[in-house]
Asks: 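Let me begin by handing over the structure; questions about it come next.
What you see is a predicted model; the values in this text were computed from it and never measured.
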Amino acid sequence: MRLDMPASRLLRVLLWATAAIHLASLGFTIVYHGFGVYDLIPYWGRIVKFFYVDKEQNLPTWYSSGLLFLAALLLWQLGGAGGRFRRHWRVLAVVFTGLSLDEFSQFHELGAQADVLDAGGASYLSWLVLAAPLVLVLGLSYLRLLLALPSRVRWLMLGAAALFLGGAAGIEVLGAYAGRENIGFTPGWASMRYVLAASAEELCEMLGVVLFIYAAALHLQPSPPRPSPRRPVGKEGHLPIATGSGRAPS
């Protein structure tokens, strides 16, 4: 499977899709959690959960999983292009495939049961403590690849990593102390405080993956051909014609 869509068009499509999912999630959760309207229509609670970005097995989860798998496909294509970093791209493709499966199955949530972080209601963040060394080792092992990339692609990938990790680690830590226990029980700001933190976290993660996809697609695109040097043109649009021996007249 190959992706032939231009990188700029792919970026626009994914940004619009990401915006639509988050606007739908915020709209439904403001009515449900913010105003406490729990029975607007039949199956209203299920509808809200289907669009809420902080729930599992719903539209945002499937979309996030699809984004990660698309990134894996592009990385596999980069590995197929050959070069000295072929194995690096292929290994990274396998990592993103694993992330895609984890997003769908929420396997990393099992880390909450490890009890390596004693932080009360935020102890479910134990998976971050377990994942941090793996992320550090992976990052260090890809320094040579990053330095070998074109400048634009390199900075895009670094920005994508900062966005994703900032959402997955930074904002999620803040969200853990933003009233997670109030969701569904206390309408108003008590619930919306966590909803906004969780939405910001998921938005950063999705935008990070979208930016990474754009960088990979950009790196896959063939470089534009260099323009051939043009011959000088005379005053009337004619090419100059050399006459005689080329010596200056005496």
Asks: For the atom pair OH (Tyr32) and OG (Ser191), what is the distance rounded to the nearest 0.5 Å?
Replies: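 Tyr32 OH to Ser191 OG: 10.0 Å, rounded to 0.5 Å.
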Asks: What distance do Leu73 atom CG and Thr97 atom OG1 have between them, rounded to the nearest 0.5 Å?
Replies: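 The distance works out to 7.0 Å.
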Asks: Start with the C-alpha distance between Lys49 and Asn58, add both sets of side-chain angles, then the distance that settles side-chain contact (heavy atoms from CB on, under 4.5 Å), and finish with yes or no.
Replies: CA-CA 7 Å; Lys49 290 180 180 179; Asn58 61 0; 5.7 Å; no
Asks: What's the spacing between Ser64 OG and Glu202 CD if we round to 0.5 Å?
Replies: 6.0 Å
Asks: Run the numbers on Leu26 and Ser199 for side-chain contact (heavy atoms from CB on, under 4.5 Å), then give the verdict.
Replies: CA-CA 8 Å; Leu26 275 178; Ser199 298; 3.8 Å; yes
Asks: Is Leu23 reachable from Leu196 through a run of hydrophobic residues whose side-chain heavy atoms are each under 4.5 Å from the next?
Replies: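 Result: no, two separate clusters.
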Asks: Side chains of Leu70 and Leu14, heavy atoms from C-beta outward: is any pair under 4.5 Å?
Replies: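 Yes, at least one pair of side-chain atoms sits under 4.5 Å.
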Asks: Do Tyr63 and Met206 touch side chain to side chain, with heavy atoms closer than 4.5 Å?
Replies: yes
Asks: So which heavy atom on Tyr142 is nearest to which on His88, and how close?
Replies: OH-O, 2.5 Å
Asks: Would Leu99 and Leu138 show up in the same hydrophobic cluster when neighbours are defined by side-chain heavy atoms closer than 4.5 Å?
Replies: yes
Asks: Let me check something: any side-chain donor-acceptor pairs from residues 144-170 under 3.5 Å, sequence neighbours excluded? List them with distances.
Replies:
from, atom 1, to, atom 2, distance (Å)
Arg152, NH2, Tyr214, OH, 2.8
Arg154, NH1, Leu146, O, 3.4
Arg154, NH1, Leu149, O, 2.8

Asks: Is Phe212 reachable from Val135 through a run of hydrophobic residues whose side-chain heavy atoms are each under 4.5 Å from the next?
Replies: yes
Asks: How close do Leu67 and Ile213 get, heavy atom to heavy atom, and via which atoms?
Replies: O-CD1, 3.3 Å
Asks: Identify whether Leu218 and Trp76 are in the same connected component of the hydrophobic contact network (ILVMFWY, side-chain heavy atoms under 4.5 Å).
Replies: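 Leu218 does not cluster with Trp76.
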Asks: Looking only at heavy atoms, what is the nearest atom pair of Ala217 and Leu10, with distance?
Replies: CB-CD2, 4.1 Å
Asks: Please answer whether the main-chain N or O of Lys55 pairs with a side-chain N or O of Thr61 as donor and acceptor at a distance below 3.5 Å.
Replies: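 Flag set: sc Thr61 to bb Lys55 pair under 3.5 Å.
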Asks: Please report the shortest heavy-atom distance between Leu78 and His219, naming the atom on each side.
Replies: CD2-CD2, 3.6 Å
Asks: Apply side-chain contact (heavy atoms from CB on, under 4.5 Å) to Trp62 and Gln57, showing your working.
Replies: CA-CA 7 Å; Trp62 301 333; Gln57 300 298 322; 4.1 Å; yes
Asks: For Phe28, which of Phe50, Phe51, Tyr52 qualifies under ring pair (Phe, Tyr, Trp, His ring centres under 6.0 Å)?
Replies: Phe51
Asks: Can you measure from CG (Leu220) to CD (Gln77) and round to the nearest 0.5 angstrom?
Replies: 5.5 Å
Asks: For Ser100, enumerate each residue passing the side-chain contact (heavy atoms from CB on, under 4.5 Å) test, keeping only those at least two apart in sequence or located in another chain.
Replies: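 Once residues adjacent in sequence are excluded, the partners of Ser100 under the side-chain contact (heavy atoms from CB on, under 4.5 Å) criterion are Ser65, Leu68, Phe69.
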Asks: State whether the side chain of Asp54 and the backbone N or O of Ala198 hold a donor-acceptor pair below 3.5 Å, judged by distance alone.
Replies: no
Asks: Can any side-chain N or O of Trp44 pair as donor or acceptor with the backbone N or O of Val37 at less than 3.5 Å?
Replies: yes
Asks: With the 4.5 Å side-chain cut-off for hydrophobic clustering, are Ile47 and Phe35 part of the same group?
Replies: yes
